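Order of the sequence lines fixes the chain letters, A, B, ..., with proteins taken first and strands second; residue numbering starts at 1 for each chain. If you're wondering where the values come from, they're calculated on a predicted model, not measured in any experiment.
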Protein chains: 2
Amino acid sequence: MSPEEGQRLASADRREQILAAASVVFGERGYAGGTTDAIAQQAGVSQAYVVRMFGGKEKLFRASAQRAAAKVSEAFRGAIATFDEGDDTHDKTLKLAVAYTELVADRGILLTLLHLFSLGHDESFGPLARSCFLDTYEIVRAEAGLSPEEASAFFARGMLTTTLLAMRMPDAADNPTAAELMQCTFGETTTDLIALSQGQHPLNSSGL
Amino acid sequence: MSPEEGQRLASADRREQILAAASVVFGERGYAGGTTDAIAQQAGVSQAYVVRMFGGKEKLFRASAQRAAAKVSEAFRGAIATFDEGDDTHDKTLKLAVAYTELVADRGILLTLLHLFSLGHDESFGPLARSCFLDTYEIVRAEAGLSPEEASAFFARGMLTTTLLAMRMPDAADNPTAAELMQCTFGETTTDLIALSQGQHPLNSSGL
DNA sequence: TCTTGTAGTAATCAGTTGATTACATCAAGA
DNA sequence: TCTTGATGTAATCAACTGATTACTACAAGA
């Protein structure tokens, strides 16, 4: 991950490196459970530097969540760019779903967003959560051209997929009920999603 | 909430009271962010008693999550009991969705479960999360008689609904995009869901 | 009435964590 | 070469939090 240990980096590079680490840690442990020390270790810098660079844990989480939302938007726009003239709704939805699948490769992105969404009651994070979600919804509606019903159904499947991955349902793939549920939910992307989620480290040791 | 302040209660009653308080606090702040002290205040007892009665925060969260899952199962079984001979899939799904809507009246239930699901990586909570979810899925499959595809679609909508409520999207109902999304997602239960979610206290003061 | 088990708390402790401060190190320009 | 600003850290602190201990108060049965 880090480009040679003990290297001095430009501020922007170090910032991105810390954000990537924050995505992993906040994704696994949530805002309250994710410590700045764990993020610092994951990024290979000192805890003090993490806090100072972002001006506090709260601002770091905001930046981390915004980065995650930006990656989702980016992935969807990339898929929309591949739309062809003759694509019907099913074609479009599948392309969007595949783009979504690729996001899963970085487990932290979707999990950090899930944690953000669970903070809707918070004065600071609530508005951010709603605007991040609605921005993405707008892309699927306006730029991809899906109807409200189609977009709602797309996000419904997306949220169930995210939830199943969050609870590591693929770890229970030997359970027939779990396998049936994942098969129906993930559809054509089942094999990819299970494979992607298998190799993912549960953060180096320790509990919450 | 408490039946007369300063009253001595039977162990079982106090236990239920603390579990209800835990549902509120864990629902708002998650496992890591929910303090035993906040739960004690919400229940009107001392922090020491909360910890001793359940043998620790972890066991309290387990009990709280299991109670939440049991309430969901109970609600679904209640809906299934109202199934008529001539009910088709749409009728059944609607009855289940209405039962789900009633769960929203206690915001803590669905949010505590959402937090449980986000702990899939945890050695202790991960298996619990998966079994709670699969138990509910089994009820909808076997007892309600939905096909795998129908059940998956039902849970997909359920997870999107839960997420939208978690992020308090009804608070942004004046936003046309948000209104459109909720209208399509909540369907026939839109008015009920928004009304239910309006009156819900964001826990008495304080931040995370 | 006396005893006893259960409900319940105040006080306190040790570990954790976000933040701050003072200091160290390096690279580039004058 | 010497200064200077930016990268980065060690040490430390105050607040918080889960847990423990020792204690009190009440209610029911003998």
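Residue contacts for B:G55: at a heavy-atom cut-off of 4.0 Å it reaches no nucleic acid atom on any strand shown.
If you take CD of B:E58 and C1' of D:dT17, they are 16 Å apart, rounded to a whole angstrom. Going from atom CD of A:Q41 over to atom C1' of D:dG8 covers 16 Å, rounded to whole Å. Between A:Q17 atom CD and D:dT7 atom P the separation is 14 Å, expressed in whole Å. At whole-Å resolution of the value, CZ in A:F26 and C1' in C:dG18 are 11 Å apart. Rounded to an integer number of Å, the gap from CZ of B:R29 to P of D:dG18 is 10 Å. Computed from coordinates, the A:F54 CZ to C:dT20 P distance equals 16 Å when rounded to whole Å. Taking atom OH of residue B:Y31 and atom P of nucleotide D:dG18, one finds them 8 Å apart after rounding to whole Å. Atom CG in B:L9 sits roughly 15 Å away from atom P in D:dC26 (whole-Å rounding).
Between A:L119 and A:H121, some side-chain heavy-atom pair lies under the 4.5 Å cut-off. The shortest side-chain heavy-atom distance between A:T36 and A:F54 does not fall under the 4.5 Å cut-off.
A donor-acceptor contact under 3.5 Å links the side chain of B:R8 to the base of C:dT6.
Under the side-chain contact (heavy atoms from CB on, under 4.5 Å) criterion, A:P148 pairs with A:Y137, A:R141, B:E180, B:C184, sequence neighbours left out. For B:T163, the side-chain contact (heavy atoms from CB on, under 4.5 Å) partners at least two apart in sequence or on another chain are A:F117, A:M159, B:M167. Shown here are the side-chain contact (heavy atoms from CB on, under 4.5 Å) partners of B:A48, two or more places apart in sequence or in another chain: B:S46.
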With the sugar-phosphate defined as primed atoms, P, OP1 and OP2, and the base as all remaining atoms, what B/S/- string results for nucleotides 9-16 of chain C, 5' to 3', for protein heavy atoms under 4.0 Å?
BB------

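For A:T36, no side-chain nitrogen or oxygen approaches OP1 or OP2 of C:dT17 to under 4.0 Å.
Counting only distance, with no hydrogens or angles, the side chain of B:S23 and the backbone of B:L19 share no donor-acceptor pair below 3.5 Å.
Pairs of residues two or more places apart, or lying in two chains, that qualify as ring pair (Phe, Tyr, Trp, His ring centres under 6.0 Å) and include a residue from residues 55-81 of chain A are A:F26-A:F61, A:Y31-A:F61, A:F61-A:F125, A:F76-A:F154.
Rounded to 10°, the angle separating the first-five-pair axis and the last-five-pair axis of the helix from C:dT1-D:dA30 to C:dA30-D:dT1 equals 10°.
At a cut-off of 3.5 Å, with distance as the only test, no side-chain donor of A:R67 or A:T112 sits close to an acceptor on the other residue.
Taking 4.0 Å as the cut-off between side-chain N and carboxylate O, A:E28 and A:R168 count as a salt-bridged pair.
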